[in-house]
J.: 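Dropping a structure here in structure tokens format, bear with me for questions.
Proteins get letters first, then strands, A, B, ... in listed order; numbering begins at 1 in each.
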Number of protein chains: 2
Amino acid sequence: MTVYNKEYRELQQIKLAVDCIIFGFNDNKLELLLIHRGFEPEKGKWSLIGGFVGENEDLDKAANRVLYKLSGLEDIYMEQVKAFGKADRDSSGHVVSITYSAMILKSEYNEDQVSNYNAKWFPIEELPELVFDHRDMVESAIRRLRRRVRNFPIAFNLLPAKFTLPQLQMLYEGILNESIDKRNFRRKVLQMKYLVRLEEKDMSESRKGAYFYRFDEALYKVEKNFNL
Amino acid sequence: MTVYNKEYRELQQIKLAVDCIIFGFNDNKLELLLIHRGFEPEKGKWSLIGGFVGENEDLDKAANRVLYKLSGLEDIYMEQVKAFGKADRDSSGHVVSITYSAMILKSEYNEDQVSNYNAKWFPIEELPELVFDHRDMVESAIRRLRRRVRNFPIAFNLLPAKFTLPQLQMLYEGILNESIDKRNFRRKVLQMKYLVRLEEKDMSESRKGAYFYRFDEALYKVEKNFNL
DNA sequence: GCAAAAGTGTTCAGCATACACCCATGG
DNA sequence: CCATGGGTGTATGCTGAACACTTTTGC
């Protein structure tokens with residue numbers, strides 16, 4: 001906004017933070033990256049990856065900096081989810097936090113960084129106790145993810161560049177937490193011309209083998225309609 | 001979040017604000033309430049209704065306080081839209097702003113308050129030049145409004161308790177900026193049992209008169225599906 | 001030859017869209 | 001009686017959901 005209530009301008013002692021909700025996919029389950037909190041308050045609980053926003057730092061940049069520090073990952077598709085602003089949400093003071101969410105491919109994730117930061121993946125159905133209102137943050141991010149994953153080709157961030165349709169379906173089943181009819185699913189996928197079948201097959205999951213597909217970004221930009 | 005980058009904790013001089021995007025409906029057009037900015041920087045331009053968040057004040061409460069101060073309206077349906085956090089978005093310093101949006105019935109709006117605050121309604125197609133990134137804020141709020149108005153019974157906030165179907169249709173046409181088939185529109189409306197026809201007719205717009213309807217909150221809570 | 005996963009079509013119901021005429025009334 | 005806005009029904013195509021068998025291959 002602007003400068004209406006001038007009186008606040010000097011007094012305000014609100015801190016501004018970002019928290020990152022980082023989704024991964026493993027063992028057919030949607031997972032979340034958390035860090036073990038080694039300090040008070042709430043020491044010993046688990047927490048989202050978060051940090052304070054820097055002076056003269058864009059909010060988006062802050063989220064990316066925090067994510068990078070923790071995961072070593074750059075250029076990750078990351079979106080603002082929402083602001084959490086109850087005055088007492090953080091017991092250490094008035095901290096407003098903006099949540100961002102990202103989807104990363106665990107296999108590209110640098111395992112060294114994980115242990116450096118006491119980070120760990122948890123299936124979203126088996127989360128430990130989280131600090132403050134981080135549970136609410138996770139839930140709102142999951143709702144948003146479930147909404148968006150049906151209308152935008154974002155789930156591919158959780159898969160390798162080459163993936164099979166059974167893999168993709170299991171991913172969707174994991175994210176949406178419901179089972180999907182194979183034939184209906186495949187028909188919809190195959191209508192999207194930007195999902196390109198490769199000649200190569202994945203022979204690791206079955207004797208018959210499943211064709212690999214890839215998501216063609218350029219072709220998608222032409223059609224730009226996605227629906228699953 | 002929490003307390004990772006402790007170094008920021010003491011230094012941070014970011015200000016936190018809220019900006020309210022207040023929609024009204026008049027003359028079959030969607031309108032927006034703006035205030036004339038009487039001070040530097042950007043003096044003379046128009047601005048959203050905004051203000052800084054108070055110490056120990058919830059974000060939602062801050063938005064409502066600001067709205068109340070300006071419009072005299074309480075208990076308004078108000079929702080967070082998104083955070084705007086580019087470091088240089090406000091030329092007076094690092095100010096992060098969370099936008100909220102509300103829909104109000106102009107006829108309930110206290111006209112005295114408007115002049116007190118140099119506030120004025122503008123049709124959204126004819127907005128004046130706005131300060132900072134307020135134009136972006138408005139656009140994102142309109143996109144969100146258009147999305148939500150199809151799936152939630154929120155548009156009724158822009159109409160009196162008793163309204164006619166022609167009124168409702170013109171409201172939707174105004175919000176969505178497209179024309180809608182009368183018969184299809186009415187069929188969908190009439191399927192919703194919580195839109196109750198009254199005996200009374202509005203004789204002011206035609207000789208034949210149009211039945212008044214009302215939105216029944218309690219009945220809606222039973223069905224809870226809305227689609228227009 | 002059989003176990004295990006991959007792959008393939010059709011039917012049906014519900015919903016969105018397009019479209020044109022009669023009704024009630026005040027003047 | 002007529003001008004004005006209010007009110008009504010049907011046909012068509014599309015999309016989502018349900019549903020079961022054949023194919024391939026390594027063992």
Side-chain angles (χ1 to χ4, degrees), chain A residues 27-28 146-153 155 159-160 162-193 195-214 223-228, chain B residues 27-28 146-147 149-153 159-160 162-193 195-214 223-228:
Chain A
D27 197 20
N28 294 337
R146 288 186 175 149
R147 237 182 300 129
R148 292 186 66 85
V149 85
R150 294 171 185 273
N151 296 308
F152 301 94
L159 292 177
K162 296 188 300 187
F163 53 86
T164 67
L165 295 194
Q167 265 185 299
L168 185 63
Q169 181 174 347
M170 286 189 299
L171 174 62
Y172 268 84
E173 292 178 334
I175 293 175
L176 300 173
N177 196 30
E178 61 189 33
S179 54
I180 301 174
D181 181 87
K182 190 174 27 162
R183 288 163 289 185
N184 293 338
F185 182 81
R186 296 174 71 96
R187 175 157 15 91
K188 282 208 248 178
V189 167
L190 297 175
Q191 279 169 355
M192 304 180 199
K193 300 294 165 45
L195 288 170
V196 183
R197 195 176 91 174
L198 309 179
E199 288 311 306
E200 194 183 355
K201 276 187 167 184
D202 172 20
M203 303 305 293
S204 68
E205 298 295 316
S206 71
R207 309 195 197 281
K208 184 176 180 181
Y211 281 108
F212 279 118
Y213 286 73
R214 67 182 174 81
E223 298 209 17
K224 224 149 201 174
N225 66 317
F226 185 90
N227 183 273
L228 269 182
Chain B
D27 196 18
N28 294 337
R146 287 187 175 148
R147 237 182 301 128
V149 85
R150 295 172 183 272
N151 295 308
F152 301 94
L159 292 177
K162 297 188 300 190
F163 53 87
T164 67
L165 296 194
Q167 264 185 300
L168 185 63
Q169 180 173 349
M170 287 189 299
L171 173 62
Y172 268 83
E173 291 178 332
I175 293 175
L176 299 173
N177 196 29
E178 61 189 33
S179 54
I180 301 174
D181 182 89
K182 189 176 24 166
R183 286 163 291 183
N184 295 338
F185 181 81
R186 296 174 71 96
R187 182 182 25 254
K188 283 208 250 178
V189 168
L190 297 176
Q191 280 169 354
M192 304 180 200
K193 301 293 165 45
L195 288 171
V196 184
R197 193 177 92 175
L198 309 178
E199 289 309 308
E200 192 183 357
K201 276 187 168 186
D202 172 20
M203 303 304 293
S204 69
E205 299 294 318
S206 70
R207 318 227 138 117
K208 183 176 180 180
Y211 282 108
F212 279 118
Y213 286 73
R214 66 181 175 81
E223 299 210 17
K224 224 149 203 172
N225 66 317
F226 184 91
N227 181 274
L228 268 182

J.: In whole angstroms, how far is the P atom of C:dG7 from the CD atom of A:Q169?
T.: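 In whole Å, C:dG7 P lies 11 Å from A:Q169 CD.
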J.: Both B:N184 and A:E205 contact DNA chain C. Which one's nearest nucleotide lies toward the 5' end?
T.: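 Counting from the 5' end, the first nearest nucleotide belongs to A:E205.
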J.: With the side chain of A:P166 defined as its heavy atoms from C-beta on, choose the nearest nucleotide among D:dT25, C:dA6, C:dG27.
T.: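 Comparing D:dT25, C:dA6, C:dG27 against the side chain of A:P166, the answer is C:dA6.
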J.: Around B:K193, counting heavy atoms of other residues, nucleotides and ligands shown, do more than 12 lie under 6.0 Å from its NZ?
T.: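 Counting other residues, nucleotides and ligands, NZ of B:K193 stays at 12 neighbours or fewer.
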J.: Given atom OH of B:Y211 and atom P of D:dG6, what is their separation to the nearest angstrom?
T.: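 Result: 14 Å.
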J.: Can you tell me the distance, in whole Å, between the NZ atom of A:K188 and the P atom of C:dG9?
T.: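 Value for this atom pair: 19 Å.
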J.: Looking at the base of C:dA6, is there any donor atom on it, or on the side chain of A:K208, that sits under 3.5 Å from an acceptor on the other one?
T.: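 Pair found.
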J.: Is B:N227 near enough to C:dA16 that one of its side-chain N or O atoms lies under 4.0 angstrom from OP1 or OP2?
T.: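 Looking at the OP1 and OP2 atoms of C:dA16, one of them is under 4.0 Å from a side-chain N or O of B:N227.
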J.: Check for a donor-acceptor pair, side chain of B:R146 on one end and backbone N or O of B:I175 on the other, with a separation under 3.5 Å.
T.: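 At least one qualifying donor-acceptor pair exists.
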J.: Of all the choices, C:dA6, D:dG7, C:dC19, which nucleotide is nearest to the side chain of A:A210 once you look at every atom?
T.: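 So the side chain of A:A210 is nearest to C:dA6.
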J.: Does A:E223 reach the main-chain N or O of A:M192 with its side chain, forming a donor-acceptor pair under 3.5 Å?
T.: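 Judged by distance alone, no pair lies under 3.5 Å.
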J.: Whole angstrom is fine here: how far is it from CZ in B:R186 over to C1' in C:dC19?
T.: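 Going from CZ in B:R186 over to C1' in C:dC19 covers 16 Å.
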J.: Please report, rounded to the nearest Å, how far the C1' atom of D:dG7 is from the CZ atom of B:R197.
T.: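 In whole Å, D:dG7 C1' lies 10 Å from B:R197 CZ.
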J.: Calculate the interatomic distance between B:L228 atom CG and C:dT17 atom P; express it in whole Å.
T.: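 Taking atom P of C:dT17 as the reference, CG of B:L228 is at 12 Å.
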J.: Return yes if the base of D:dT15 and the side-chain atoms of A:R187 contain a donor-acceptor N/O pair under 3.5 Å, otherwise no.
T.: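 Check fails, no donor-acceptor contact within cut-off.
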J.: Calculate the interatomic distance between A:F185 atom CZ and C:dA6 atom P; express it in whole Å.
T.: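 Atom-to-atom, A:F185 to C:dA6, this comes out as 13 Å.
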J.: Using only atom types and a distance under 3.5 Å, with no angle test, would you say the side chain of A:Y172 pairs donor to acceptor with the backbone of A:R150?
T.: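 Absent.
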J.: Check for a donor-acceptor pair, side chain of A:Q167 on one end and backbone N or O of A:T164 on the other, with a separation under 3.5 Å.
T.: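 Answer holds: yes.
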J.: Tell me the interatomic distance from B:M203, atom CE, to C:dG27, atom P, rounded to whole angstroms.
T.: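 After rounding, the reported distance stands at 10 Å.
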